[in-house]
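Below, chains carry the letters A, B, ... as their sequence lines are ordered, and counting in each starts from 1.
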Protein chains: 2
Amino acid sequence: MSDTVIQELIDRYIELSFSVHRRGEALVKCQIGSDLTNDQHYTLRYISKAGSCTSTELAEEFDVQKSAITAIINRLWEKGLIKRTRDENDRRVVYLTLTDKGNELFYQAEERIYRLVETFITKFDQSEIKQFIETYEKLNQVLKESKELWWGNRA
Amino acid sequence: MSDTVIQELIDRYIELSFSVHRRGEALVKCQIGSDLTNDQHYTLRYISKAGSCTSTELAEEFDVQKSAITAIINRLWEKGLIKRTRDENDRRVVYLTLTDKGNELFYQAEERIYRLVETFITKFDQSEIKQFIETYEKLNQVLKESKELWWGNRA
DNA sequence: CGTTAATAGTTAAACGATTTAATAATTAAA
DNA sequence: TTTAATTATTAAATCGTTTAACTATTAACG
């Protein structure tokens with residue numbers, strides 16, 4: 001592969017890693033606005049899809065420390081969007097689920113995002129989107145593996 | 001386009017916007033580690049490519065308030081990586097340039113990233129990468145335009 | 001059984017990135 | 001010359017993150 005293509009991939013990926021989080025933020029806040037941050041929305045999203053999960057699971061999934069999860073869950077809990085339930089068999093474990101309010105807010109946001117994407121999706125054709133998603137997933141996977149490799153050499 | 005493909009794009013994009021910033025962070029810190037955050041590296045990168053620029057320019061480019069730029073520039077300045085120079089003709093303006101140390105650190109990071117990307121780039125073929133970059137740019141452009149549209153309706 | 005590990009989650013302190021609102025200094029416009 | 005607009009900064013607040021220490025609980029093993 002030519003050097004310029006590698007360099008361009010790097011440029012784009014770094015650009016991506018800088019800007020896309022902010023674009024996501026705009027996406028979540030789009031139109032009527034939800035008062036949710038990108039990270040909060042993504043957390044609701046994960047819990048909604050899982051039905052119920054633990055802090056440890058979220059920390060592993062998001063690749064952050066458990067204390068970061070505690071913080072974000074606290075903020076969602078203060079907004080009344082999340083419920084904490086202790087496991088009766090193993091009393092160390094806390095299950096996280098969405099409250100009715102949490103569910104409602106999440107689905108509202110999802111619907112808004114869907115409507116928005118519909119407005120511009122016509123500019124792409126299906127195969128282009130599919131290809132993009134595939135390459136992204138591959139790239140993400142490769143980066144994840146690489147990361148484990150480097151960090152295995154340290155610490 | 002089918003509903004499932006739209007939904008999948010949304011899922012992937014939201015995932016992307018959540019995770020990619022963290023992957024970028026790992027990329028910047030890879031191997032020997034640079035003590036730069038992703039945002040700091042990206043800022044050095046922009047100034048390096050531009051040669052010299054202003055806070056206002058960075059704020060527009062990064063799509064944040066100018067005070068956020070002041071903050072990040074302060075941190076880089078404290079590390080001795082950035083120089084501030086007042087314009088003699090218009091004394092409101094401050095030009096930002098990299099110091100020698102800033103240049104060195106930035107190029108070290110770039111080289112590390114390049115070497116890393118080389119190790120896994122073989123898993124992709126050139127056309128796939130090119131296509132990925134193109135679609136990314138298109139998507140980014142479309143989202144930028146959409147954002148201006150929604151936010152034009154507010155405020 | 002009882003002591004020692006390990007695990008799940010939280011708290012506290014610190015830092016980085018961000019926003020809004022207010023301000024200082026300077027230049028442009030009327 | 002007074003008023004506007006522009007450039008950059010500061011201050012206060014919030015969010016997301018890390019590391020380190022801690023609590024409560026469960027598992028392991030002699």
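Judged by distance alone, the side chains of B/Thr135 and B/Gln131 do bring a donor and an acceptor atom under 3.5 Å apart. Defined by atom type and a distance below 3.5 Å, a donor-acceptor pair is present between the side-chain atoms of B/Asp11 and B/Gln7. Side chains of A/Asp39 and A/Thr37: a donor-acceptor N/O pair is absent below 3.5 angstrom, by distance only.
For A/Ser67, no side-chain nitrogen or oxygen approaches OP1 or OP2 of D/dA20 to under 4.0 Å. The side chain of B/Thr56 contributes no N or O atom lying less than 4.0 Å from OP1 or OP2 of D/dT6. Distances shown here put a side-chain N or O of B/Gln65 below 4.0 Å from the OP1 or OP2 atom of C/dT20. Distances shown here put a side-chain N or O of A/Ser55 below 4.0 Å from the OP1 or OP2 atom of C/dT10.
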Using Watson-Crick or G-U wobble pairs with both distances under 3.5 Å, give me DNA chain D in dot-bracket, 5' to 3', with [ ] for crossers and | for pairs to another strand. |||.|||||||||||||||||||||.||||
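The side chain of A/Val94 has C/dG9 as its nearest neighbour among C/dG9, D/dA8, D/dT18.
You'll find the ring centres of B/Phe132 and A/Phe132 inside the 6.0 Å limit.
The cluster map of Ile, Leu, Val, Met, Phe, Trp and Tyr, joined by side-chain heavy atoms under 4.5 Å apart, puts B/Ile69 and B/Tyr95 in different clusters.
Taken residue by residue, residues 86-93 of chain B places heavy atoms nearer than 4.0 Å to DNA chain D at B/Arg92, B/Val93.
Annotation: side chain to side chain donor-acceptor pair (under 3.5 Å) contacts involving residues 50-60 of chain A, sequence neighbours excluded, comprise A/Tyr46-A/Glu57.
Heavy-atom distances to DNA chain D give each of A/Ala71 and B/Ile73 a nearest nucleotide, and the one nearer the 5′ end belongs to B/Ile73.
Taking the O4'-C1'-N9-C4 or O4'-C1'-N1-C2 dihedral as appropriate, D/dA8 has a value more than 90° from 0 and is therefore anti. Taking the O4'-C1'-N9-C4 or O4'-C1'-N1-C2 dihedral as appropriate, D/dA5 has a value more than 90° from 0 and is therefore anti.
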